[in-house]
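Written out below as structure tokens is the structure these notes cover.
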Protein chains: 2
Amino acid sequence: MITETDQNYLKETYALQLEHDHVTTSMLADRVGASAATVTGMLKKLAERQWVAYEPYKGVTLTETGRSIALEVVRHHRLLETYLSKALGIPWDKVHDEAERLEHVISEYLESRIDELLDHPAIDPHGSPIPAHDGSIRESARLHLTDVRAGTDCEIVEVSDRDPGLLARLDRLKLHPGTRLQVLGVEPIDGLITLRVATESLVLGSKTASQVIVRIIKESHHGRVQQHH
Amino acid sequence: MITETDQNYLKETYALQLEHDHVTTSMLADRVGASAATVTGMLKKLAERQWVAYEPYKGVTLTETGRSIALEVVRHHRLLETYLSKALGIPWDKVHDEAERLEHVISEYLESRIDELLDHPAIDPHGSPIPAHDGSIRESARLHLTDVRAGTDCEIVEVSDRDPGLLARLDRLKLHPGTRLQVLGVEPIDGLITLRVATESLVLGSKTASQVIVRIIKESHHGRVQQHH
DNA sequence: TTCGAGATTTAGGTAGTCCGAAATCAATAT
DNA sequence: ATATTGATTTCGGACTACCTAAATCTCGAA
Ligand SMILES: [Mn+2]
Ligand SMILES: [Mn+2]
Ligand SMILES: [Mn+2]
Ligand SMILES: [Mn+2]
């Protein structure tokens, strides 16, 4: 039997694998809100069930089975966020926490009703791709706003859905998926980024900018895009 | 902390108190799907937390606190059933199981959004009253179709939401809350009840008829309504 | 190459929910 | 009044998910 806890561990492992090439016990402990000791125990259990490959002291990787369990939960999560936002008019900084609990209890039947009613949406309110029913998902390379050179034109693709405070602020600044912007300058010491959005300019800290994923529309002439990490 | 299990025990105790004047361990065991031994243990815990009054070998009663916890869950359940039915078009024999899981995880915020969108509904798809936000509820006397004399005109008020098979059948027979009917005859041995609904007549067994709650529109001239039990 | 520091695992334990089997109780029939 | 029986509780045990503290491992700095 797959418990809600199993689903959360697998989902967070999936998310961490997208951002890091090595997923550790402590990273997972941080995400699921449990102690490292607890995570070690759970990883042994998940490995026994063949949902992850686990090398003590090394790290953890999802198996194919584990990945599809994770994607099923991610699909629920993102469909629910989209539904709550569009059908119930719930603001985008409140949908995540609600979906976090609902994702584990909706039936496949309800999932498909929601999917139909929304006309099979491809992205959620934060710009994240919604896995298809068959588990396929478009996992494009993720370019963080912190890694964009000055002078570049881009469009926001996705923002992190975890922090309501961040989302409320981005909303006030009119920074949403789809928003066009130009990077005016990057301050090298503190990483402050100056942007032009429509006709206004504004400054973001690197903590905020690192939560924003963009795609480049017109590259700066002065050099190449920096690599993250 | 109130767990999902706590909520289920309290909710079922509430439901049983409406139908019986004495709620026993085995009745609860049957409803929550656990052994009598398990229920005894849980009742001790619930009594310790002052959610029920529990007399070993005697039975169990909700305290005021226990009742309001139960009504909160019942409100979630019935609002969700109504929403799933009206907004998502889910058939009335499928909404119960879905609501059974969702009821424990929706926030007060989502509850109120749903309530607003439905314009503060008073009854759910099965005719059961939805407790108000403040916990008030119209608990009218419940007259079962099995207790109605031949010759009486009535209207269906409520049907049990637990059994999808029953609901599917009632739907096929066009027996819904609001449906008018006349009891043509009651067969004394097997309890078969003959009804006239619109222009057609049909026969129900007592198992089915006992799940239907009615209110009398015009009493038979030949005597009084029988008492249940 | 050795030595820590920090990450991780192991050990020992709690809380919650469940079970079957055995013991006990309460109510009824004799 | 007593025996029987069905309901209920008690007992011993299982399983999951969590914790802290102690032991152990890994890897980079010296
Ligand atoms: Mn979750
Ligand atoms: Mn999202
Ligand atoms: Mn429930
Ligand atoms: Mn109902």
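The chains referred to below are lettered A, B, ... by the order of the sequence lines, with proteins before strands, and numbering in each begins at 1. Atoms considered below: every heavy atom in the structure, side chains included; atoms not considered: hydrogens, waters and symmetry mates.
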Inset, instruction - Remember a base hit wins even if backbone is also touched, and classify B:K58 as base, sugar-phosphate or nothing at under 4.0 Å, heavy atoms. - result: nothing
Inset, instruction - Check whether any side-chain heavy atom of A:H96 lies under 4.5 Å from a side-chain heavy atom of A:H77, and answer yes or no. - result: yes
Legend entry - Any B:Q7 side-chain heavy atom under 4.5 Å of B:H76 side chain: no
Legend entry - Phosphate OP1/OP2 of D:dT8: any B:T40 side-chain N/O under 4.0 Å: no
Legend entry - Nearest atoms (heavy-atom pairs only) where A:L71 meets A:G135: CD1-O, 3.3 Å
Legend entry - Minimum-distance nucleotide (side-chain atoms of A:A36 versus D:dA7, C:dG16, C:dT9): C:dT9
Legend entry - Touch class at under 4.0 angstrom, heavy-atom based, for A:T38 against every strand present: base
Inset, instruction - For A:A34, answer base if it contacts any base atom (sugar-phosphate contacts may also be present), sugar-phosphate if it contacts only those atoms, and nothing otherwise; contact means non-hydrogen atoms under 4.0 Å. - result: sugar-phosphate
Inset, instruction - Flag the pair B:E108 / B:E72 as yes when at least one side-chain heavy-atom distance between them is below 4.5 Å, and no otherwise. - result: yes
Inset, instruction - Please tell me which of the listed nucleotides, D:dA17, D:dT8, C:dT17, lies nearest to the side chain of A:T5? - result: D:dA17
Legend entry - Side-chain heavy-atom pair B:D147, B:R142 within 4.5 angstrom cut-off: no
Legend entry - Phosphate-side-chain proximity, B:T25 and D:dT9, N/O vs OP1/OP2 below 4.0 Å: yes
Inset, instruction - Side chain of B:M42 only, please: which of D:dC18, C:dC18, C:dG16 is the nearest? - result: C:dC18
Legend entry - Nucleotide C:dT8, atom P - distance to CG of A:D30 in whole Å: 12 Å
Inset, instruction - Please report, rounded to the nearest Å, how far the C1' atom of D:dC15 is from the CD1 atom of A:I2. - result: 18 Å
Inset, instruction - Take the protein atom NZ of B:K45 and the nucleotide atom P of D:dT9, then report the distance between them rounded to whole Å. - result: 17 Å
Legend entry - Distance, rounded to the nearest Å, where B:H104 contributes NE2 and C:dG16 contributes C1': 16 Å
Legend entry - Interatomic distance, A:L43 CG vs C:dT9 P [rounded to whole Å]: 7 Å
Inset, instruction - Would you mind telling me which residue lines up with the more 5' stretch of DNA chain D, A:S35 or A:Y57, judged by nearest nucleotide? - result: A:S35
Inset, instruction - Whole angstrom is fine here: how far is it from CD in A:E55 over to C1' in C:dT9? - result: 14 Å
Legend entry - Separation of atom CD in B:E48 from atom C1' in C:dT17, rounded to whole Å: 15 Å
Legend entry - Sugar-phosphate only, base, or nothing, as touched by A:S26 at under 4.0 Å among non-hydrogen atoms: sugar-phosphate
Inset, instruction - Calculate the interatomic distance between A:D6 atom CG and D:dA17 atom C1'; express it in whole Å. - result: 10 Å
